[in-house]
Amino acid sequence: MPMEPRLLKGFRDYLPEQMIARQSVINAIRNVYERYGFVPLDTPALEYTETLAGRAVYGTEGSGQIYTFQDRDNEWVSLRYDLTVPLSRVIALYKELPRPFRRYQVGPVWRVDKPGPGRYREFVQFDLDTVGCPDMLADAEILSAIHDVLLQLGLSRFRVRFSSRKVLNALIAFAGIDACRSHDVFRILDKLDRIGQKGIAEEMKGGRLDVSGDFIPGLGLSDSQVVRLLEFLNLPQPSRAIALDGLSQLFAGVANAGEGLDELSAIHEYLTALNIGDDQVAIDVSLARGLEYYTGPIFEAILLDAPEFGSIFGGGRYDGLVERFLGEKVPATGASIGVDRLLAAILKLGALELRPSTATVLVTVMDPQWRVEYQKITRELRQAGINTELYLGKEKGVGKQLQYANRQRIPIAVLLGADEAAQGIVSIKDLRVGSKAQAELKDRSTWLQARPGQFTVPRPQVVEAVRSILSG
RNA sequence: GCUGGGGUAGCUCAACAGGCUAGAGCACCUGACUGUGGAUCAGGGGGUUAUGGGUUCAAGUCCCUUCCCCAGUACCA
C-alpha cells in the first residue's frame, strides 16, 4: 500500500499558479528597493540556537516559537525566526561591510505557531534595513519605500502607521506604571483594533470575558492608571501635526518624553518633504508591536480594503540588537513585508490575476510530420523574447491542445497542418477572442466555422504577427 | 498552547430514529460532432465514510484514542 502524501501542519506547497503571482509581487518589491539603492543579502535557514535565543530578543512568547533541535553533531540549531537577527549577526561577522549597510533580503522564516487563515509556520518575509544610521532619515526612507511598494503593486488604499517605543515608554511613566510591566501594557494596547477601548480597560484592570466566554486575565492596574492610558489613546490624531501637538501637551511634565516626540516629529518632517501625506502614512499612538527588541520608531501597515489580513508590513528601530554580537552599539532600523499576507490580500482585491502558465504562445503539434518545423517556430518566438511552449503532451488532435492552452490561460496558439504547409502559411489563433464570444454561442457548427480570433500569415511572418497581437 | 465545534469522492453536500451494494451536483477521463477551446449527448474512473479500538445481529450514524481542520484566545507577518 502506498503511503499517504502528507503536508506538515502549517506548511504549504506553492503550486505554479501561486508561484507565478508570488514572484511577480517579489519582483515588484525588489525593483522598488533597488531603486532606493539597497543591496541583496541572503543568510542560512539554520543558525546556532544561541544566536537567536538571547534574552530580550523576541520576548518570552517569541522564543517559545523558535524551531529548535540538535543536529548530527549534537549542536543545538534553530530555524531563523526572522531576517533581522541574522542581519545583526552578519554585521558583526563581516566588519568590512560598508556603513551604513543598507540591505534587502527575501526568504522564508519559521515560527511554531497555531496555523490559521493567512498564518503559517513557514512564511516568506521581505525585509529592508539600514544599519549604521542613527538619523530618522533612515526610518523615513523605510516608510517611503513601503509607500512606493504598495503604490507600485496597484494598491492605493492603504494606511501606514508609525509611532515610537520611546513615546510608549513616556506613556508608562505618565501613567505611573512600573516599567517592568511595560511590555504587557504594549501587548494589550496593540489589541485596540480588535477589542476596543472598553476591552483594553478591562484587560488592564481585572480581566475580561472574550466572545467565546473565555476569561482573559488582567494586569491589575488601578483606575487612575487606566484613565491615563485612555487619555493617551483618545488623543485626536487627524493629522501627524495634530497628533504631535497632543502628545507634547499630554507629556509636558514627563521626564525623557522629549526623545520620542523628537523622533516622531523628525520623521513627520522628512515625510512631508517627500510629499507623503497624512492619509497614507500616519502617526498612530496605539501602535505597540510585540517584539521586544524595538527601541525607537515602530511601523506597521494595513490595506484599508482588506483589513482582515492584518498588518502586511511591520518593523521598527532596534539600536541594541547588533550590540549583542559586537559589543559596540550600532543603530539600525528596518521593516518586513509579509509576502504571503500581502499576496493573499492582493488576490482578494483582484489587483493581480492568477495564471497557471508563464507561456504566452503554445505551438501546437497537429501532425508529427512537421515536428521540426514546430521546433523552429518555437525557437524563433523564444529568440524574439516571447514566452513560448511547444506542446509536449500526447498528440491527440488539435482540440485537446487548444483545450490545454485554454486551461493554462495561454492566450495565443500557433497551428500548422497539411493545409498550411501546402500554402507556406501558419494559422495563428488569439484564444481570448473566442473566450469572449463563446458565452453567446450555442451551436457547435457555427462555433467551428467562425474560428474566432484566428487568421493566417506567411510562414516567415509568425513572430511579427504574434507581436502585433500582443501589442494590442 | 488553551476553550469550543467539526471531519462522507478533487470540491460542495446527501444518506428516516443504528438497517439493502454510501448517493448527487460540479470537476476529471474517454468517445461522438470538419483539423479548433465553449455548449450538448453517450459512457467511465474515483470512497478502508480522517484514524485505531469498543458497543451491537447490524455503525457513516453511539462511546473512547490519535491525527487533522474550523472559530475564539494567546502571539505575530
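Protein chains get the first letters and strands the later ones, always in sequence-line order, with residue 1 at the start of each. Note that the coordinates shown come from a computational prediction; the quantities given were computed from them, not determined experimentally.
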Exercise. Under 6.0 Å between the ring centres of A:F11 and A:Y120?
Worked result: no

Problem set entry | Rounded distance (Å) that lies between atom P of B:C33 and atom CG of A:D443 | 15 Å

For this session: Kindly check if the number of other-residue, nucleotide or ligand heavy atoms within 6.0 Å of OH (A:Y48) is above 12?
Result: no

Exercise. Of the candidate nucleotides B:A77, B:A39, B:U34, which contains the atom at the shortest distance from the side chain of A:R444?
Worked result: B:A39

For this session: For A:S311, answer base if it contacts any base atom (sugar-phosphate contacts may also be present), sugar-phosphate if it contacts only those atoms, and nothing otherwise; contact means non-hydrogen atoms under 4.0 Å.
Result: sugar-phosphate

Problem set entry | Rounded interatomic separation in angstrom, taking CG from A:D419 and C1' from B:U36 | 13 Å

Exercise. What is the distance from CD1 of A:I337 to P of B:A77, rounded to the nearest Å?
Worked result: 13 Å

Problem set entry | From B:G37, B:A77, B:G35, nucleotide with atom closest to A:R111 side chain | B:A77

Exercise. In whole angstrom, what separates A:D127's CG from B:A77's P?
Worked result: 10 Å

Seminar exercise, completed: Paired to B:A59 by Watson-Crick or G-U wobble criteria (both distances under 3.5 Å) is none

For this session: Look through every strand shown and name the nucleotide pairing with B:C41 as Watson-Crick or G-U wobble, where both distances are under 3.5 Å.
Result: B:G31

Exercise. When all nucleic acid strands are considered with a 4.0 Å heavy-atom cut-off, which category describes A:G434: base, sugar-phosphate, or nothing?
Worked result: base

For this session: Could you walk me through whether A:E47 and A:Y81 pass the side-chain hydrogen bond (donor to acceptor under 3.5 Å, both in side chains) test, one step at a time?
Result: CA-CA 10 Å; A:E47 296 276 358; A:Y81 180 88; over 6 Å; no

For this session: By nearest nucleotide on RNA chain B, pick out whichever of A:A418 and A:Q403 is the more 5' one.
Result: A:A418

Seminar exercise, completed: Taking a pair to mean Watson-Crick or G-U wobble geometry with both distances below 3.5 Å, B:G46 pairs with none

Problem set entry | Interatomic distance at P, B:C64 relative to B:U3, whole Å | 16 Å

For this session: Just name whichever nucleotide pairs with B:C2, Watson-Crick or G-U, keeping both distances under 3.5 Å, else none.
Result: B:G72

For this session: Provide the distance between the two C1' atoms, one in B:U73 and one in B:A17, to the nearest whole Å.
Result: 38 Å

Problem set entry | Whole-Å P distance, B:G72 and B:U30 | 43 Å

Problem set entry | Sidechain N-carboxylate O distance under 4.0 Å for A:E380, A:R459 | yes

Problem set entry | Nearest-angstrom distance from the residue atom CG of A:D190 to C1' of B:U73 | 15 Å

For this session: Rounded off to whole Å, could you give me the CZ-to-P distance for the A:F186 and B:C76 pair?
Result: 13 Å

Exercise. So, A:Y293 versus A:D82: side-chain donor-acceptor pair below 3.5 Å or not?
Worked result: yes

Exercise. So does A:R341 reach the base of B:C76 with its side chain, donor to acceptor, closer than 3.5 Å?
Worked result: yes

For this session: In plain terms, say whether A:D284 and A:R159 are close enough for a salt bridge, that is, a side-chain N and a carboxylate O under 4.0 Å apart.
Result: no

For this session: Determine, stepwise, if the pair A:N387 / A:T358 fulfils side-chain hydrogen bond (donor to acceptor under 3.5 Å, both in side chains).
Result: CA-CA 7 Å; A:N387 295 0; A:T358 54; 5.0 Å; no

Exercise. Taking 4.0 angstrom as the limit, do A:R409 and A:E353 come out as a salt bridge?
Worked result: yes

Problem set entry | Distance-only donor-acceptor test, A:S435 side-chain atoms vs B:G38 base atoms, 3.5 Å | no

Problem set entry | Spacing of the P atoms in B:C16 and B:G7 (rounded, Å) | 14 Å

Exercise. Less than 6.0 Å separating the ring centroids of A:F126 and A:Y33?
Worked result: yes

Exercise. At under 4.0 Å between heavy atoms, what does A:Q449 touch on the DNA or RNA strands: base, sugar-phosphate, or nothing?
Worked result: base

Exercise. What nucleic acid atoms does A:K400 come within less than 4.0 Å of, heavy atoms only: base, sugar-phosphate, or nothing?
Worked result: sugar-phosphate

Exercise. How do A:G10 and A:Q125 order along RNA chain B: which one's closest nucleotide is nearer the 5' end?
Worked result: A:G10

Seminar exercise, completed: Checking N1-N3 plus N6-O4 or O6-N4 for Watson-Crick, or N1-O2 and O6-N3 for wobble, each under 3.5 Å, the partner of B:C26 is B:G10

Give me, pair by pair, the N or O atoms of the protein and of nucleotides 26-28 of chain B that are less than 3.5 Å apart, along with how far apart they are.
residue	atom	partner	partner atom	Å
B:C28	OP1	A:R407	NH2	3.1

Problem set entry | A:R12 atom CZ, neighbour heavy-atom count above 12 within 6.0 Å | yes

Exercise. On a whole-Å scale, what distance lies between the P atoms belonging to B:G6 and B:C62?
Worked result: 10 Å

For this session: Using the C1' atom on both, measure B:A22 against B:G46 and round to a whole Å.
Result: 14 Å

For this session: Check whether any side-chain N or O of A:W447 sits under 4.0 Å from OP1 or OP2 of B:A39, and answer yes or no.
Result: no

For this session: Can you tell me, in whole Å, how much space there is between the P of B:A50 and that of B:C11?
Result: 13 Å

Exercise. Is a donor-acceptor contact shorter than 3.5 angstrom present between the side chain of A:Q454 and the base of B:U36?
Worked result: yes

Exercise. Does A:E420 get its side chain close enough to the base of B:G35, under 3.5 Å, for a donor-acceptor pair?
Worked result: yes

Problem set entry | Distance between C1' atoms of B:U55 and B:G18 (Å, rounded) | 12 Å

